[in-house]
2 protein chains.
Amino acid sequence: MLAAVLRIGDSGDVEVLAWQRARDPDRGCWALPGGRLGDDEDVETSVLRQLAEKVDVREVAHVEQLGVFSEPGRVPGTRLIATAFLGLVPSDVDPAVPADTAWRTVSPPPAEGAPAPDVLPTPVRAPALACAAFDHGTIVAAARDRLRAKLSYTNLGFAIAPREFTISALRDLYVAALGHPVSATNLQRVLTRRALLEPTGAVAPPGPSGGRPAALFRFTDRTLRVTDAFAVLKPPGEHGRGPVP
Amino acid sequence: MLAAVLRIGDSGDVEVLAWQRARDPDRGCWALPGGRLGDDEDVETSVLRQLAEKVDVREVAHVEQLGVFSEPGRVPGTRLIATAFLGLVPSDVDPAVPADTAWRTVSPPPAEGAPAPDVLPTPVRAPALACAAFDHGTIVAAARDRLRAKLSYTNLGFAIAPREFTISALRDLYVAALGHPVSATNLQRVLTRRALLEPTGAVAPPGPSGGRPAALFRFTDRTLRVTDAFAVLKPPGEHGRGPVP
DNA sequence: TCGTGTTTTCGACTAGTAGTCGTAAACTGC
DNA sequence: GCAGTTTACGACTACTAGTCGAAAACACGA
């Protein structure tokens, strides 16, 4: 049971919640929070319980299974099988964490044209976390890739964004998570057209250097929703005007 | 370790490989193949090993993790945690299976406008498998939904289709897996434009009732590849002609 | 041999989606 | 007021995809 809890930091990069090991093996390196599965809980409640020791669970906006990491030699000593989770915390919450725990920046995904970040049998990946204990770097990379992939075809943005935000702020979050520029105009148009975003009516005060006050938006839904893909494969009668009878 | 191996049957519906329990509990009901994890293998090789007892592994075109099913009471008796897999077998292979094993038809997904079939923490779902043992009906439903979702934004069709096929045959496979009509013209255009499909040059002989012989196609790639989603979120410089310098 | 029916293929038309750009609006600070 | 900055919004354009119709290629029976 391991959790890779991601957050978009103020400096504009992805961060993961990790704690520094005080003992060998891998002393001084950073490990993901987790623990053993209890007798009367399933893995989902277990990971939330483990997480409660590190951060307030109510601050975690989304949790989902990443996959099982079971390579026999992944940790020294006795065999240990880890069910890894991806957790997301909105960028505006900064939970109090224990002394040995910190937000570590995650290195951006490798090159462009990277292969499918959605395949579960995880091959070797770029080291996403500097000085990661055991195979936790691989798990963090899988989490970062999963976030990146799902931002593109779901409303998962709700889990990394504050409840209300300006379009530019949201754009910055997407830029940090994706690692490449994003058009604010198109982001607003696409997300509002698909009814993932709606204006709150209020406006945000301008920054210190002035500028027109930006309108505030919110995600209409705060649970995961999948959107468009191949239009051909959607049930008929939802595009264009349909056939002329 | 459980595997939901799906296949599109000749009759045009989704089938799952299952074996009939001879002993209580759930005697006579259908269970998914699987077994315990060995000491020197990871879950992926383990599930392939388990599967080898039922079907020839070389016939399985794609395997991926579905998720962990860990509810404390999911099976009677001692606690058992299952890592579930989705396996796919092309529609043209009909492997020899043991006497207690058969392909059971999977009931189609519930209504249209169904919620995200991609969320891992699986809630209650429609009973996809009649007389399923334990929670295996839930697992089959998750597998069927995963297949349906991934057909829309990946080249996963390669795993349910023969190596070579006509567009109509492929259309029928998609119709069976998705549960709604699909346009053959658009399917061909979309899949070829995205370079997922390519013509082999050969043609298939016409059916018994005649008709123009259909051209044969194959998938260019037989490993999972993810395709388009939100165009906004793709790196710039890949659409249209780009900015005029 | 020649139509009839069937199935596939291909092109044309059309509509919707999204990338780009230019301009106006609203605010801060000097 | 004026300059500078940031956001908002509309216009133009290009590409993708849904629909339809006509032609091609075959089997079968008269």
Side-chain angles (χ1 to χ4, degrees), chain A residues 152-153 164-172 174-175 180-217 227-245, chain B residues 152-153 164-172 174-175 180-217 227-245:
Chain A
S152 314
Y153 64 91
E164 300 192 347
F165 46 84
T166 68
I167 294 293
S168 336
L170 185 67
R171 190 256 306 267
D172 293 343
Y174 275 79
V175 167
H180 60 73
V182 172
S183 152
T185 300
N186 286 331
L187 187 64
Q188 171 177 0
R189 183 172 44 182
V190 169
L191 294 186
T192 53
R193 178 183 286 270
R194 302 199 180 183
L196 303 184
L197 235 54
E198 64 185 7
T200 68
V203 293
S209 57
R212 174 169 173 170
L216 286 174
F217 288 80
T227 70
D228 269 358
F230 291 158
V232 224
L233 299 184
K234 289 198 301 184
E238 298 185 6
H239 341 269
R241 301 212 181 288
V244 180
Chain B
S152 314
Y153 64 92
E164 302 193 346
F165 45 83
T166 67
I167 292 294
S168 336
L170 186 66
R171 189 257 305 266
D172 294 343
Y174 275 78
V175 167
H180 61 72
V182 172
S183 152
T185 300
N186 285 331
L187 186 64
Q188 171 176 1
R189 183 173 44 183
V190 169
L191 293 186
T192 53
R193 178 184 285 272
R194 301 197 180 183
L196 303 185
L197 235 53
E198 65 185 5
T200 68
V203 294
S209 58
R212 175 171 175 170
L216 286 175
F217 288 78
T227 69
D228 270 358
F230 291 159
V232 225
L233 298 184
K234 289 197 301 185
E238 299 185 5
H239 340 269
R241 301 211 181 289
V244 181

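Just so you know, these numbers use all the heavy atoms, side chains as well, and skip hydrogens, waters and symmetry mates. Numbered from 1 within each chain, the chains take letters A, B, ... in sequence-line order.
Distances shown here put every side-chain N or O of N186(A) at or beyond 4.0 Å from the OP1 or OP2 atom of dA18(C). The shortest distance between the side-chain N/O atoms of R171(A) and the OP1/OP2 oxygens of dT6(D) is not below 4.0 Å. Contact between the side-chain N/O atoms of S168(B) and the OP1/OP2 oxygens of dT8(C) is found at a separation under 4.0 Å.
For the pair L187(B) CG and dT16(D) C1', the interatomic distance rounds to 15 Å; values are reported in whole Å. For I167(B) and dC10(C), the CD1 to P distance is 10 Å, given to the nearest whole Å. At whole-Å resolution of the value, CG in L191(A) and P in dA18(C) are 10 Å apart. Rounded to whole Å, the distance from CG on L216(B) to C1' on dT8(C) is 12 Å. Straight-line distance from the CD atom of Q188(B) to the C1' atom of dT19(D): 16 Å, rounded to whole Å. One interatomic measurement links the two molecules: CG of L196(B) to C1' of dT16(D), which rounds to 15 Å at whole-angstrom precision. At whole-Å resolution of the value, CG in L170(A) and P in dT7(D) are 13 Å apart.
Of the inter-residue distances, the one linking L191(B) atom CG with L197(B) atom CG reads 5.5 Å to the nearest 0.5 angstrom. Between atom CG of residue N186(B) and atom CD of residue Q188(B) there is a gap of 10.0 Å, rounded to the nearest 0.5 Å.
T166(A) comes within contact range of no nucleotide atom at all, as no heavy-atom separation falls under 4.0 Å. Among the heavy atoms of the strands lying under 4.0 Å from A215(A) are primed sugar atoms or P, OP1, OP2 only; no base atom is included.
Proximity note for R193(A) (side chain, C-beta onward) versus dT19(D), dT17(C), dT16(D): the nearest is dT17(C). Closest to the side chain of V190(B), from the set dA17(D), dT7(D), dG10(D), is dA17(D).
Residues T166(A) and A204(A) approach most closely at CG2-CB, 3.6 Å, considering heavy atoms. Taking both residues in full, the closest heavy atoms of L187(B) and R171(B) are given as CD2-CA, 3.8 Å, listed atom of the first, atom of the second, then distance. Between F217(B) and T200(B), the shortest heavy-atom contact is C-CG2, 3.8 Å.
For R189(B) against dG18(D), a side-chain N or O and a base N or O form a donor-acceptor pair under 3.5 Å.
With sequence neighbours excluded, the residues forming a ring pair (Phe, Tyr, Trp, His ring centres under 6.0 Å) with F165(B) are F219(B), listed by chain and number.
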Write out a two-atom table: protein N or O, nucleotide N or O from nucleotides 26-30 of chain C, distance below 3.5 Å.
residue, atom, partner, partner atom, Å
dA26(C), N3, R212(A), N, 3.2
dC27(C), O2, G211(A), N, 3.1

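Pairs passing the salt bridge (Lys or Arg N to Asp or Glu O under 4.0 Å) check and including a residue from residues 199-208 of chain A, sequence neighbours excluded, do not occur.
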